[in-house]
Amino acid sequence: MTAPPAAAPMWVVVPAYNEEAGIGATLAALASQTDTDFALVVVDNASTDSTAAVVRRFAAVAPFPVHLVHEEERGTGAAVDTGCRYAVAHGAALLVRTDADCLPAADWVDAARREFASGTEMACGRSLPRGDERPSPAERYVLPAVVRAAALYGRCRTRHRHPRYRAPYVLCHGHNLAITAALYLRCGGTPRIPLEGPAEDVVLLNRARLHSDRVARAERMVVHTSLRRLRAWGARRTLLWCWDRRYRPADPKQVHIR
């Protein structure tokens, strides 16, 4: 199947839950992109604060169209799927996703567009800690190394090496990925599963790998992500959470640290 041209309509999808205090920085980072030829859809995932109001105020001055949609089913997977399908229904051919506590680098959209131009159907970008959260040396250097080591482990796991997969397993962060609308629909999209269930980004990655041999790691796509989960839970619990949810907080409400 021929991939759409890089100039095809692009939409950025951002799920958000109770992000009134921080989503403004994410929206500002998107407004500061070197390439603002995209539309933005923010999915308010049953927030109980003023997240939606912050987005509406931003929409009045944004350099691109801003859509605010609501998803009452709690969970990142449901919110992302709603946003992606809304974007596709409104003409998106290219989808790029980040989260409401993240700061995409200024050339993030441009880097995603370059990946699509090279023929990539799904690109998984690089994650770095947010500088404004003053990461410690361990958070700045050790954490990324541990994450990369975990990715190598993931590539070796039997469940990720089935001969049906058409592309190699790559390190994938839900807050930094790009996928064509055609592949998103073809593979079934992001699973609408609870946040404490399997990692929705890995499920999407493996679904895409079943349908495309053009799934790639994209080091030029950089997003700076929040350290708040790591700092709330500690390194051990955070790593166990990422490792097949081997840690889950006793209070289900604590799961929704995004």
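Throughout, numbering of the chain's residues begins at 1 and tracks the sequence.
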His67 vs Tyr86, ring-ring contact (aromatic ring centres under 6.0 Å, His included): CA-CA, chis, key distance, verdict: CA-CA 9 Å; His67 300 249; Tyr86 177 93; 5.6 Å; yes
Cys172 and Val202: CA distance, side-chain angles, deciding distance, side-chain contact (heavy atoms from CB on, under 4.5 Å) verdict: CA-CA 7 Å; Cys172 178; Val202 176; 5.5 Å; no
From CA spacing to verdict: side-chain contact (heavy atoms from CB on, under 4.5 Å), Arg166, Leu210: CA-CA 6 Å; Arg166 299 173 56 186; Leu210 289 171; over 6 Å; no
Criterion salt bridge (charged side-chain N to carboxylate O under 4.0 Å, His left out) on Glu115 and Arg113, from CA distance to verdict: CA-CA 5 Å; Glu115 288 294 329; Arg113 204 179 294 278; over 6 Å; no
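A heavy-atom distance below 4.5 Å is not found between the side chains of His160 and Pro168. Side-chain contact between Val203 and Pro198 is present, with heavy atoms from C-beta onward closer than 4.5 Å. Within the 4.5 Å cutoff, no side-chain heavy atoms of Asp101 are placed close to those of Thr26. Side-chain contact between Asp132 and Leu103 is present, with at least one heavy-atom pair separated by less than 4.5 Å. Under the 4.5 Å side-chain criterion, counting only non-hydrogen atoms from C-beta, Val14 is not in contact with Arg97. Side-chain contact check for Trp11 versus Val96: every heavy-atom pair is 4.5 Å or farther apart. Side-chain atoms of Leu40 and Leu27, non-hydrogen and from C-beta on, do get closer than 4.5 Å to each other. Looking only at side-chain heavy atoms (C-beta outward), Glu139 and Glu133 stay at 4.5 Å or farther from each other.
Leu128 and Val223 are members of different hydrophobic clusters when ILVMFWY side chains are connected at heavy-atom separations under 4.5 Å. Transitive grouping of hydrophobic side chains (ILVMFWY, heavy atoms separated by less than 4.5 Å) keeps Val80 and Leu177 in distinct clusters. Hydrophobic clustering (ILVMFWY, side-chain heavy atoms < 4.5 Å, transitive): Val69 and Val13 are in one cluster. Under a hydrophobic clustering in which Ile, Leu, Val, Met, Phe, Trp and Tyr are joined whenever their side-chain heavy atoms come within less than 4.5 Å, directly or via other members, Val222 and Val109 fall into different clusters.
Thr98 places a side-chain N or O within donor-acceptor distance of the main-chain N or O of His175, the cut-off being under 3.5 Å. A distance-only check finds a donor-acceptor pair linking the side chain of Gln33 to the backbone of Ala105 [under 3.5 Å]. In this structure a side-chain-to-backbone donor-acceptor pair under 3.5 Å is missing from Arg130 to Ser226. Checking side-chain atoms of Arg186 against main-chain N and O of His211 turns up a donor-acceptor pair under 3.5 Å.
Pairing each heavy atom of Cys124 with each of Leu205, the nearest pair is SG-CD1, 4.2 Å. Across Asn45 and Thr76, no two heavy atoms sit closer than the pair OD1-N, 4.2 Å. Here the closest non-hydrogen pair linking Thr36 and Ala31 is CG2-O, 4.0 Å. Closest heavy-atom contact between Gly174 and Asp201: N-OD2, 2.9 Å. Listed here is the closest heavy atom pair of Pro135 and Arg140: CG-NH2, 3.3 Å. Scanning all heavy atoms of the two residues, the minimum distance from Ala16 to Ser47 falls at O-OG, 3.6 Å.
With sequence neighbours excluded, no residue forms a side-chain hydrogen bond (donor to acceptor under 3.5 Å, both in side chains) with His224. Asp213 is linked by a side-chain hydrogen bond (donor to acceptor under 3.5 Å, both in side chains) to nothing, counting only residues two or more places apart in sequence or in another chain. Residues forming a ring pair (Phe, Tyr, Trp, His ring centres under 6.0 Å) with Phe38 (at least two apart in sequence, or on another chain): Phe64.
Donor-acceptor pairing under 3.5 Å is lacking for the side chains of Asp35 and Trp108. Side-chain N/O atoms of Thr225 and Asp99 include no donor and acceptor closer than 3.5 Å. In this model, a donor atom of one side chain and an acceptor atom of the other lie less than 3.5 Å apart for Glu121 and Ser212. Checking Tyr17 against Thr51 by side-chain atom types alone, no donor-acceptor pair falls below 3.5 Å.
Taking the charged nitrogens against the carboxylate oxygens, Arg192 and Glu200 have no contact shorter than 4.0 Å, which rules out a salt bridge.
With values rounded to the nearest 0.5 angstrom, Asp110 atom CG is found 4.5 Å from Thr34 atom OG1. Rounded to the nearest 0.5 angstrom, Leu94 CG and Tyr184 OH are separated by 15.0 Å. In this structure, OG1 on Thr180 lies 8.5 Å from CG on Leu185, to the nearest 0.5 angstrom. Between the CZ atom in Phe116 and the CZ atom in Arg214 there is a gap of 11.5 Å [rounded to 0.5 Å]. Interatomic distance, Arg114 CZ to Thr120 OG1, rounded to the nearest 0.5 Å: 13.0 Å. Note: Ile179 CD1 to Leu95 CG = 7.5 Å, rounded to the nearest 0.5 Å.
Of the candidates Glu71, His70, Glu19, Asp44 forms a side-chain contact (heavy atoms from CB on, under 4.5 Å) with just one, namely His70.
The aromatic rings of Tyr165 and His162 lie perpendicular to each other, with more than 60° between the two planes, well past the 30° mark.
Shown here is Arg161, whose CZ atom has no more than 12 heavy atoms of other residues, nucleotides or ligands within 6.0 Å.
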